[in-house]
There are 2 protein chains.
Amino acid sequence: MSLDRPSELQAGDARAPRQQPATLRDVAEAAGVHATTASRALNPKAQQLVNAETVRRVRRAAEELGYQPNPIARSLKTSKSSTVGLVIPDLTNPLFPPIVRGIENVLESAGYSALIVNTDNDPQRERALIESLRSRQVEGLIIATALLDHPLLQQLQQQDVKIVLINRRIENLRMPFVVGDDATGIGLAVKHLAALGHTRIAHLAGPQTTSTGVVRSRAFRHAVRDNGLEEDPALIVECAHWSEEDGAGAMRELLDRGTRATAVVAGNDLIALGCYDVFADRDISCPEDVSVVGFNDMPFLDKLRPPLTTVGVPHHELGAEAARMLLDSIDEPERYPRSLLLPVSLILRDSTAAPPA
Amino acid sequence: MSLDRPSELQAGDARAPRQQPATLRDVAEAAGVHATTASRALNPKAQQLVNAETVRRVRRAAEELGYQPNPIARSLKTSKSSTVGLVIPDLTNPLFPPIVRGIENVLESAGYSALIVNTDNDPQRERALIESLRSRQVEGLIIATALLDHPLLQQLQQQDVKIVLINRRIENLRMPFVVGDDATGIGLAVKHLAALGHTRIAHLAGPQTTSTGVVRSRAFRHAVRDNGLEEDPALIVECAHWSEEDGAGAMRELLDRGTRATAVVAGNDLIALGCYDVFADRDISCPEDVSVVGFNDMPFLDKLRPPLTTVGVPHHELGAEAARMLLDSIDEPERYPRSLLLPVSLILRDSTAAPPA
DNA sequence: TTGTACGCGTTATCAT
DNA sequence: ATGATAACGCGTACAA
């Protein structure tokens, strides 16, 4: 049989580059098959249903036309968007970029991408943003804004929205999460300070509306007891937010209470930064007068004066694992929800030393 | 079977709670009109074509059913994805989060969202990622990775891809950009140092493959001349990357050349951070021995020792303006490409002082 | 002012 | 092994 494919014609075609991107039909036509067949030939999962020779013809045509499947049409048909939503408080908090990159790494290799939204810790905003994410047909949600009491999340779970919590968890809901081992981290910090000779150690706790806040302060109280240190309630101050400003406020409160603490375990690095601010104001020197330990090991802490001792959390891995879990739960919806506790480590710098004599 | 559904809540209308999200047809049916009419009633632009009373009925039905238009179907029809691509080198570089938030702010209020990709400055990766973005039908691209010689961008422009450059520009291509006023910023820095009494001022230049690198070092040379300072080529060292590591390398080079500079204008904050590292190693004190000025005012610079004097760039605004420009050029494709130069300001902290006597 | 009919590009389902 | 047909949910000429 003689296929008429005069080479001149091809040259002519090439001269007139398609403005419109090639569609599946174009490919099918070029390969002399029906669109359905072309679809199968191009789809690895259905490829086996079609003649090997045909597959080659189709693929070749696709190649030549620079065919790119239209993911929107595909989504409409399959109601899968290859997209997941990522809900964080604020991208400019240095804690999150490494998490995001970890997530995107994993997503990318699975052909997924992430839609990121920032809630600024505003529940109204969070609700609206999640709604918009859902209307964009995200296949699942990775959420970093979980509160201990979070009706919205509960509601989403009832609607069978696939969710993985990151960095924070919810205790009573059975919802998969990926977090750092906060309790161990705080234990390490307290033990380190105790070994240095501190006996009056304070804790600037994070908001008790979050699991991280609660877990860390509970771990703090246990560690104090385990190390035989002074258990003075006045040594614990709660911050309303995980912010430098609130950290400073709590530090001032601590000082004004006259607790004579010689060391402070901050709920996180931002809170520790707040301590630094107060030290500067009040002419307190760290670590000579007061030692400080942070939590998270966010970037550039080694450039502070003094470089901040802190608990290192593998944020990139946290993100990667959360993404993997979400993809798994999309693939196998019935799978029992797992959760992960990633190991942390104490990072010694110069903000901790023996207490003043 | 017992679905746990709060009976009071839905008592009124929805006897059969939809599992499937409501579609336009559902709304139309509920309102007793045809889908077309419902579509028009819901679409602000076509709303005027329909009876006010009907509009109310439709809207009410939509409200009650919790109708959310399916953006995928809409995209397929209109071939608009309401999505733009954002191409940055690395989200963990603190420079970018504020830019991203600025972009998302504007996008959000226009019903758009951003797909973010990190190139890690790898051209291969960049090409692949942009391709994947395009296959996701993004309506435009905001690009922060532009190099002076960037064939890919040129190629995209020829394909009529809508692009706005941010933070960096390309001089010969006519492509809209939004950048800070680098030249003025450097001028401010040099003038400040000159006023302090410095005469031998060094410049640790950023990569000359980027417009920012080139513009800043050109501005530096001009400023040195304008202020009547010493024009010694040995006082300028180029960094291969905008990184702390390269900054440290360049600082060492400068020291080893024996240039006896009393101040350095770093290409950006990261490079300035590299200087701090070298100072620590070599027992040089800043600002007593050497003054340093950074560029960008990334977060937490005020916590360094010493707090870094730098040039503040309005990153959030940069992002917002770039997003606006992109949306504009999507709306009005024929509009002449604008570009924006946003004002910067010198932020005085403690890393600059008079030269040693 | 409202309704009809069709198509966006793809895939699922059935038939051949 | 391949083809025909319908449908995903929406928007829009065109008709009424």
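What you are looking at is a predicted structure, and each value in this text was computed from that prediction instead of being measured. In what follows, every chain begins at residue 1, and chains take the letters A, B, ... in the order their sequences are listed.
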- Count the heavy atoms of every other residue, nucleotide or ligand shown that sit under 6.0 Å from CD of B:E29, and state whether that count exceeds 12. no
- Message: Any donor-acceptor pair under 3.5 Å linking the side-chain atoms of A:E126 with those of A:H150?
- Response: yes
- Query: Got more than 12 heavy atoms from elsewhere within 6.0 Å of CD, B:Q124?
  - Reply: no
Please write out the pairs of protein N or O atoms and N or O atoms of nucleotides 6-8 of chain C separated by less than 3.5 Å, giving the distance to one decimal.
{"from": "C:dG7", "atom 1": "N2", "to": "B:K77", "atom 2": "NZ", "distance (Å)": "3.2"}
{"from": "C:dG7", "atom 1": "N3", "to": "B:K77", "atom 2": "NZ", "distance (Å)": "3.4"}

Under 3.5 Å, which N/O atoms of the protein pair with N/O atoms of nucleotides 2-5 of chain C?
{"from": "C:dT2", "atom 1": "OP1", "to": "B:T54", "atom 2": "OG1", "distance (Å)": "2.7"}
{"from": "C:dT2", "atom 1": "OP2", "to": "B:N51", "atom 2": "N", "distance (Å)": "2.8"}
{"from": "C:dT2", "atom 1": "OP2", "to": "B:T54", "atom 2": "OG1", "distance (Å)": "3.4"}
{"from": "C:dG3", "atom 1": "OP2", "to": "B:H34", "atom 2": "N", "distance (Å)": "3.2"}
{"from": "C:dG3", "atom 1": "OP2", "to": "B:T37", "atom 2": "OG1", "distance (Å)": "2.6"}
{"from": "C:dG3", "atom 1": "N7", "to": "B:R40", "atom 2": "NH2", "distance (Å)": "2.8"}
{"from": "C:dG3", "atom 1": "O6", "to": "B:R40", "atom 2": "NH1", "distance (Å)": "3.2"}
{"from": "C:dG3", "atom 1": "O6", "to": "B:R40", "atom 2": "NH2", "distance (Å)": "3.1"}
{"from": "C:dT4", "atom 1": "OP2", "to": "B:H34", "atom 2": "ND1", "distance (Å)": "3.1"}
{"from": "C:dT4", "atom 1": "OP2", "to": "B:H34", "atom 2": "NE2", "distance (Å)": "2.8"}
{"from": "C:dT4", "atom 1": "O4", "to": "B:T36", "atom 2": "OG1", "distance (Å)": "3.0"}

- Message: I'd like to know whether CG of B:N172 has more than 12 heavy-atom contacts from other residues, nucleotides or ligands below 6.0 angstrom.
- Response: yes
- Within 6.0 Å of CD in B:E63, more than 12 heavy atoms from elsewhere: no
- Message: Tell me whether the count of non-hydrogen atoms from other residues, nucleotides or ligands lying under 6.0 Å of CZ in A:R125 goes above 12.
- Response: yes
- Message: When the axes are fitted on five pairs at both termini, how much does the helix from C:dT1-D:dA16 to C:dT16-D:dA1 curve, in 10° steps?
- Response: 40°
- Item | Length of the NZ-P vector between B:K80 and D:dG9, whole Å | 24 Å
- Item | Side-chain heavy-atom pair B:R136, A:I72 within 4.5 angstrom cut-off | no
- Kindly say if B:S75 contacts the phosphate of D:dC10, meaning a side-chain N or O under 4.0 Å from OP1 or OP2. no
- Rounded distance (Å) that lies between atom P of C:dG9 and atom CG of A:D26: 9 Å
- Message: Counting only heavy atoms from other residues, nucleotides and ligands, does the tally under 6.0 Å from CZ of B:R338 exceed 12?
- Response: yes
- Can you find a side-chain donor-acceptor pair between B:T92 and B:D90 that sits under 3.5 Å? yes
- Check the distance between D:dC10's P and A:R136's CZ and give it to me in whole angstrom. 15 Å
- May I ask you to test the B:D26-B:L24 pair for a side-chain heavy-atom distance under 4.5 Å? no
- Between CZ of A:R74 and C1' of C:dA12 the distance, given in whole Å, is 14 Å
- Message: Taking 4.0 Å as the cut-off, does a side-chain nitrogen or oxygen of B:S39 come that near to OP1 or OP2 on D:dG11?
- Response: yes
- Task: Establish, from distance only, whether the side-chain atoms of A:Q137 and A:T83 form a donor-acceptor pair under 3.5 Å.
- Result: no
- How many Å lie between CD on A:Q137 and C1' on D:dC8, as a whole number? 11 Å
- Grab the CG-C1' distance between B:L24 and D:dC8 for me, whole Å please. 14 Å
